[in-house]
Amino acid sequence: VQLQASGGGSVQPGGSLRLSCSGSGFGVDGLVTGWFRQAPGKEREGVSCISSMDGTTYYTNSVKGRFTIGRDVARNTIYLQMNSLKTEDTAVYYCATGRWCTVGAGVARVRRVDYWGQGTQVTVSS
C-alpha cells in the first residue's frame, strides 16, 4: 500500500486549496481514509475522516463547513477541498488509511492508522 499526497501550497487567508492523495495497492472505497495535519511545534491532529462502509464523513470542529473530504473511486484518490483558509490552517497535511473513524473532543481522526502518505505543506499567510 502506498499513498501519494499532493496539492499543497501557499495562499492568502480566505483562499482555497485542494489536496489529493492517490492510493496504490488498495481501493479507496475499501479502507477508512482521512487527513491529519501538524503545525510547527504542535502535535499531529486529525482533520477529517471518511468511512469505507457508507462514505460517511467526519470533520474536526475547526474545519467544519470549510473543508470537504471526498473520494474518487475511478482515480483511486481521496481529496480534501479546503475553502476559506485561515492562518491557523498552516501545517503539513498527511493522508492516512486505518481501521475506523472517530470523533472525540471535537476532533475527527482515523484510528489505528496502517499507512501514512508523505506530508504536503499548506501555508496560509498574507
Next item on the list: Can you sort out the partners of Ser22 under side-chain contact (heavy atoms from CB on, under 4.5 Å), two or more places apart, ordered by chain and number?
Entry: Gln4, Thr77

Check: Do the side chain of Thr60 and the main chain of Ser62 share a donor and acceptor less than 3.5 angstrom apart?
Finding: no

Next item on the list: Among residues two or more places apart or on two chains, list those pairs meeting disulfide (SG to SG under 2.5 Å) that have a residue in residues 23-74.
Entry: Cys49-Cys101

Notebook entry, point to check: Hey, is Arg99 close enough to Asp114 for a salt bridge, meaning N to O under 4.0 Å?
Noted result: yes

Note to self: For Tyr79 and Arg18, which I'm curious about, is there any donor-acceptor pair between the side chains at under 3.5 Å?
What the structure shows: no

Check: Do the side chains of Trp35 and Leu3 join up, straight or via other hydrophobic residues, at under 4.5 Å, putting them in one cluster?
Finding: yes

Check: So which heavy atom on Thr90 is nearest to which on Pro40, and how close?
Finding: O-CD, 4.4 Å

Check: Rounded to the nearest 0.5 Å, how far apart are OH of Tyr93 and CZ of Phe67?
Finding: 4.0 Å

Note to self: Distance check, rounded to the nearest 0.5 Å: Leu31 atom CG versus Ile78 atom CD1?
What the structure shows: 10.5 Å

Next item on the list: Go through Glu45 and Glu43 one step at a time and tell me if the side-chain contact (heavy atoms from CB on, under 4.5 Å) criterion holds.
Entry: CA-CA 6 Å; Glu45 67 170 356; Glu43 294 186 355; over 6 Å; no

Check: What's the spacing between Gln81 CD and Arg66 CZ if we round to 0.5 Å?
Finding: 12.0 Å

Check: Can you tell me how far the CZ atom of Arg71 sits from the CG atom of Asn76, to the nearest 0.5 Å?
Finding: 10.5 Å

Check: For the hydrophobic clusters of this structure (ILVMFWY residues joined by side-chain heavy atoms under 4.5 Å, transitively), does one cluster hold both Val47 and Leu85?
Finding: yes

Margin query: To check you understand the geometry: which heavy-atom pair defines the closest contact between Ser52 and Gly30, and what is its length?
Written below: CB-C, 3.7 Å

Check: Looking at side-chain heavy atoms only, is the closest gap between Gln2 and Ser24 below 4.5 Å?
Finding: yes

Checklist line | Min side-chain heavy-atom separation Asp89-Met82 under 4.5 Å | finding: no

Notebook entry, point to check: Just by distance, do the side chain of Ser126 and the backbone of Gln12 share a donor-acceptor pair under 3.5 Å?
Noted result: no

Note to self: Do Val92 and Ile69 land in one hydrophobic cluster if side-chain heavy atoms of ILVMFWY residues count as linked below 4.5 Å?
What the structure shows: no

Next item on the list: Could you state whether Val63 and Leu17 fall into the same hydrophobic cluster, counting links through intermediate Ile, Leu, Val, Met, Phe, Trp or Tyr residues with side-chain heavy atoms under 4.5 angstrom apart?
Entry: yes

Checklist line | Pairwise side-chain contact, Tyr59 with Thr68, heavy-atom cut-off 4.5 Å (strictly under) | finding: yes

Checklist line | Inter-residue atom distance Arg75.CZ - Ser20.OG, 0.5 Å rounding | finding: 9.5 Å

Item checked: Close aromatic pair by centroid cut-off 6.0 Å: Trp116 and Phe36 -> yes

Check: So if you build clusters from Ile, Leu, Val, Met, Phe, Trp, Tyr with side-chain heavy-atom gaps below 4.5 Å, do Tyr94 and Val113 land together?
Finding: yes

Margin query: Rounded at 0.5 Å granularity, tell me how far CZ in Arg112 sits from OG1 in Thr102.
Written below: 12.5 Å

Margin query: Ignoring hydrogens, what is the shortest heavy-atom contact between Val110 and Thr33? Give both atom names and the distance.
Written below: CG2-C, 3.8 Å

Check: Looking only at heavy atoms, which two atoms of Asn83 and Ser16 are closest? And how far apart?
Finding: OD1-OG, 2.9 Å

Check: Yes or no on side chain to side chain donor-acceptor pair (under 3.5 Å) for Gln118 and Thr120, after CA distance, side-chain angles and deciding distance?
Finding: CA-CA 7 Å; Gln118 90 288 5; Thr120 185; over 6 Å; no

Note to self: Using only atom types and a distance under 3.5 Å, with no angle test, would you say the side chain of Ser48 pairs donor to acceptor with the backbone of Tyr58?
What the structure shows: yes

